[in-house]
*Asks:* 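Once you've had a glance at the structure underneath, I'll fire off some questions.
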There are 2 protein chains.
Amino acid sequence: MKDYNEVTIYDIAEKLNLATSTISRALKDHHTISKKTIAKVKKTAQEMGYRPNNLAASLRSKKSKAIGVLLPTITQPFLSSLISGIEIAARKAGYSVIIMQSHDKHKDEVDLTKLLYDHRVSGVICSLAMETEDAAHFQLFKESAIPLVFVDRVPKGFNTYRVVIDNYIAGYKATKHLIAQGCKHIAHLTIGSEFGTIYHERKRGYLDALKEHNLEVDDKYVIRVKEITYDEGARAVKKLLSLKNKPDGIFAPGDILGVSAIQTAKKMGVKVPEELAVIGFNDDPISRIIDPNLSTITHPAEKMGQAAAEIILNSLKSKTKDDIREIAFLNTEVIERESSKRN
Amino acid sequence: MKDYNEVTIYDIAEKLNLATSTISRALKDHHTISKKTIAKVKKTAQEMGYRPNNLAASLRSKKSKAIGVLLPTITQPFLSSLISGIEIAARKAGYSVIIMQSHDKHKDEVDLTKLLYDHRVSGVICSLAMETEDAAHFQLFKESAIPLVFVDRVPKGFNTYRVVIDNYIAGYKATKHLIAQGCKHIAHLTIGSEFGTIYHERKRGYLDALKEHNLEVDDKYVIRVKEITYDEGARAVKKLLSLKNKPDGIFAPGDILGVSAIQTAKKMGVKVPEELAVIGFNDDPISRIIDPNLSTITHPAEKMGQAAAEIILNSLKSKTKDDIREIAFLNTEVIERESSKRN
DNA sequence: TTGTAAGCGTTATCAA
DNA sequence: TTGATAACGCTTACAA
């Protein structure tokens with residue numbers, strides 16, 4: 001250990017014959033301290049090798065300069081990009097990022113909210129676990145006025161900040177794209193409950209696009225998957241392509257499902273896009289590798305992360321206990337690739 | 001705020017007519033406290049809704065129960081899986097995980113080591129930035145006896161814990177696999193300096209495998225890329241396939257490069273694997289999506305993360321200022337897929 | 001513009 | 001087995 005030479009503001013104060021409070025203020029450019037003193041303090045701090053002790057500051061101010069991030073997992077491309085965006089924005093403002101994974105388990109999510117609370121994080125960014133059906137465990141952040149931002153998988157009927165895309169519009173656009181390619185019988189895969197809303201919203205967009213164009217809305221074309229995996233995707237698509245009236249288009253609400261639709265179709269001798277047009281969701285790396293390349297919907301992960309972090313940072317700065325809960329709607333676009341190009 | 005009802009050990013002490021020190025000890029099952037008292041304290045703590053304040057504990061003990069993780073980026077599949085492994089192991093032991101991205105910049109890495117130090121993290125897990133050529137900025141962890149584990153991209157000649165695969169063996173195995181498929185002219189892509197060692201080691205394995213089998217070692221078959229991107233991979237492979245003596249095999253030390261080798265070959269009318277066998281590295285998701293599927297080398301990311309975290313945890317527990325710097329070598333395997341199957 | 005002094009909630013050192 | 005008390009390094013009223 002080299003604790004013996006850990007320099008504190010007390011040491012600086014002694015050396016400069018000033019009070020610790022003056023040092024503390026000078027170091028943070030407090031306006032009541034003269035420029036001369038500030039310069040002098042900073043210079044000697046530098047010379048003495050002073051390093052602030054965030055722990056002490058946090059204890060005193062009851063706020064650690066940290067943002068807690070609670071996600072189902074961090075290995076999905078969308079989520080790791082999200083974290084990246086958060087980390088960049090947080091770092092710039094001098095905040096650190098603590099990450100926790102719920103692994104889509106409700107119980108873990110509940111436990112981790114408590115842990116984050118214990119850590120006295122300044123703010124929390126969360127995307128809900130697939131299992132979660134209520135948001136009661138987030139109440140403690142509200143009660144403690146700790147800014148809370150939900151991203152992507154957001155709870156229904158819980159009043160907080162949220163950063164999302166308009167999943168309804170995105171689903172609508174995706175379906176409309178298939179319609180524009182001449183598809184008449186469009187299938188859809190879906191997952192999740194109404195609580196996490198995003199897949200439900202995408203489905204709403206899908207249904208409304210069909211209705212708007214007077215296209216058949218048929219329950220047998222909407223298949224529910226248990227989880228977003230290649231196996232589940234294959235299972236669902238096999239079922240669809242075994243129908244006597246095969247669909248001629250599929251809107252998959254995730255690229256893993258979209259890719260497995262292409263793979264399954266190829267395996268079954270169904271030509272993509274000629275006989276089956278496919279569009280996915282997210283613009284994951286795999287969508288550009290599959291042959292034919294998968295058309296998809298952009299999901300601006302890094303931007304959403306930055307937006308979420310900035311909302312927290314602003315909320316912390318303005319201190320106004322605003323009851324206006326900001327909703328950031330980020331834009332999405334259709335990316336047209338070979339898997340849906342029929343014209 | 002509901003600070004007014006924040007319960008502290010002081011409140012518990014008052015209620016039970018005990019000293020705060022007793023409460024503190026009881027809560028941690030200290031052996032000098034009677035079982036009866038421990039039970040009583042825990043029960044009332046529970047009842048009163050007591051939540052420990054890590055910040056205060058950290059300040060006092062000069063150690064925050066946190067592990068700092070410093071990586072080039074978190075969006076690469078290998079690295080996000082690594083973090084996942086770290087998070088799981090750390091969480092189990094009651095430690096939190098703070099992540100920082102160097103974005104492969106040396107300067108950022110230097111700054112972030114200081115930040116991590118300021119945070120009083122209990123330990124640090126790091127994978128070096130591509131730019132980094134010396135490890136001087138990690139010295140402060142050594143001096144403070146903060147356990148430091150390097151993973152994957154480890155520094156040369158800096159004595160600390162490290163969790164790695166044997167990149168030499170892996171490169172050797174990959175090349176040998178191509179040789180077993182009947183390849184006679186095997187090319188290799190490489191990157192990075194000798195400091196970060198991993199790519200250099202893979203290349204050594206490649207060269208030794210060739211030599212062992214009396215196969216041609218030709219400089220024109222070793223192409224250096226500037227970064228691991230599809231564009232750089234395409235550029236390098238285009239060059240290789242334009243030689244009058246085209247290679248009949250490529251060992252790419254990363255799946256992105258391997259995938260772009262396949263794509264480029266296909267585009268140039270070179271058949272994979274018949275005319276060109278390809279093997280990548282990492283077993284990223286894209287390797288199973290590309291057609292033909294990319295043979296590759298496993299890189300046990302999550303396990304490496306867990307191993308790294310556990311080394312730190314053990315080091316913290318045993319407190320022995322051990323100078324034996326553990327090296328964990330994890331196993332790798334060749335995964336044979338279509339891109340190299342010629343027999 | 002600067003100083004005084006009281007905490008923040010623990011842990012650790014003695015002493016009992 | 002338990003208690004009293006002094007830190008840990010900083011922030012922040014309030015005073016000067």
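Throughout, a chain's letter reflects where its sequence line sits, starting with A, and its residues are numbered from 1.
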*Asks:* Which whole-number value in Å describes the distance from A/Leu59 CG to C/dT11 C1'?
*Replies:*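 These atoms are roughly 12 Å apart.
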
*Asks:* Using a heavy-atom cut-off of 4.0 Å across all strands, would you classify A/Asn17 as base, sugar-phosphate, or nothing?
*Replies:*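 Result for A/Asn17 = sugar-phosphate.
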
*Asks:* In Å and rounded to the nearest 0.5 Å, what is the CD to OG1 distance from B/Glu109 to B/Thr132?
*Replies:*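 It is 3.5 Å, given to the nearest 0.5 Å.
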
*Asks:* Is it the case that C/dG9 (base atoms only) and A/Arg120 (side chain only) share a donor and an acceptor within less than 3.5 Å, ignoring hydrogens and angles?
*Replies:*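 No, the side chain and the base share no sub-3.5 Å donor-acceptor pair.
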
*Asks:* Side chains of A/Met304 and A/Ile165: does their closest heavy-atom pair fall under 4.5 Å?
*Replies:*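 When only atoms from C-beta onward are counted, A/Ile165 and A/Met304 do touch, with a gap below 4.5 Å.
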
*Asks:* Does a distance-only test, which skips hydrogens and angles, find a donor-acceptor pair under 3.5 Å between the side chain of A/Arg51 and the base of D/dG9?
*Replies:*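 No, no donor-acceptor pair under 3.5 Å.
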
*Asks:* For A/Lys35 and C/dT1, give me the distance from atom NZ to atom P, rounded to whole Å.
*Replies:*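 That distance rounds to 10 Å.
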
*Asks:* So do the side chains of A/Ile312 and A/Val149 get within less than 4.5 Å of each other, counting heavy atoms only?
*Replies:*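 The answer is yes, as the side chains (C-beta and beyond) meet within the 4.5 Å cut-off.
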
*Asks:* In this structure, how many angstroms lie between the C1' atom of C/dT10 and the NZ atom of B/Lys62, rounded?
*Replies:*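 Distance, rounded to whole Å: 14 Å.
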
*Asks:* Would you say the base of D/dT1 and the side-chain of B/Thr22 have a donor-acceptor pair closer than 3.5 Å?
*Replies:*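 Between D/dT1 and B/Thr22, which were checked side chain against base, a qualifying N/O pair under 3.5 Å is absent.
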
*Asks:* Under 4.0 Å, counting only non-hydrogen atoms across every strand here, what does A/Ser24 touch: a base, just sugar-phosphate, or nothing?
*Replies:*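 Here A/Ser24 touches the bases of the nucleic acid.
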
*Asks:* Classify B/His31 by what it touches in the nucleic acid, base, sugar-phosphate, or nothing, heavy-atom distance under 4.0 Å.
*Replies:*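 B/His31: backbone/sugar contact only, no base atoms under 4.0 Å.
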
*Asks:* Base, sugar-phosphate, or nothing for B/Ser58, non-hydrogen atoms under 4.0 angstrom?
*Replies:*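 B/Ser58: no heavy atom of the nucleic acid under 4.0 Å.
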
*Asks:* Send over the distance from B/Ile9 CD1 to C/dC8 P, rounded to a whole Å.
*Replies:*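 So the CD1-P distance, B/Ile9 to C/dC8, works out to 13 Å.
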
*Asks:* With the side chain counted from C-beta on, respond yes when A/Leu71 and A/Leu82 share a heavy-atom pair under 4.5 Å apart, and no when they do not.
*Replies:*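 Yes - at least one pair of side-chain heavy atoms lies under 4.5 Å apart.
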
*Asks:* Do you know which two heavy atoms are closest between B/Ser84 and A/Thr75, and how far apart they sit?
*Replies:*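 Closest approach of B/Ser84 to A/Thr75, heavy atoms only: CB-CG2, 3.9 Å.
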
*Asks:* Report the nucleotide, chosen from C/dT4, D/dT2, C/dT10, that has the shortest atom-to-atom distance to any side-chain atom of A/Arg25.
*Replies:*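 Among C/dT4, D/dT2, C/dT10, the one nearest the side chain of A/Arg25 is C/dT4.
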
*Asks:* In whole angstrom, give the distance that lies between atom CG of B/Leu27 and atom P of C/dG9.
*Replies:*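 So the CG-P distance, B/Leu27 to C/dG9, works out to 15 Å.
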
*Asks:* Side-chain donor or acceptor of B/Arg60 under 3.5 Å from a matching atom on the base of C/dA12?
*Replies:*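 Donor-acceptor pair under 3.5 Å: no.
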
*Asks:* Report the distance from atom CD1 of A/Ile12 to atom C1' of D/dG9, rounded to the nearest whole Å.
*Replies:*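 Distance check: A/Ile12 CD1 to D/dG9 C1' gives 11 Å.
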
*Asks:* On DNA chain D, does the nearest nucleotide to A/Tyr10 precede the nearest nucleotide to B/Thr20 from the 5' side, or the other way round? Give the residue.
*Replies:*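 Going by which nucleotide is closer to the 5' end, it is B/Thr20.
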
*Asks:* Atom NZ of A/Lys28 and atom C1' of D/dG9: how far apart are they, to the nearest Å?
*Replies:*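 Rounded to whole Å, this separation is 11 Å.
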
*Asks:* Distance check needed: D/dT2 C1' versus B/Leu18 CG, whole Å only.
*Replies:*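 From B/Leu18 CG to D/dT2 C1': 8 Å.
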
*Asks:* Indicate, yes or no, whether a donor-acceptor pair under 3.5 Å links the base of D/dA4 to the side chain of B/Ser21.
*Replies:*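 For B/Ser21, whose side chain was compared with the base of D/dA4, there is a donor-acceptor pair (under 3.5 Å).
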
*Asks:* Would you classify B/Thr32 as touching base, sugar-phosphate or nothing, given that sugar-phosphate means primed atoms plus P, OP1 and OP2, and contacts are heavy atoms under 4.0 Å?
*Replies:*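 Result for B/Thr32 = base.
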
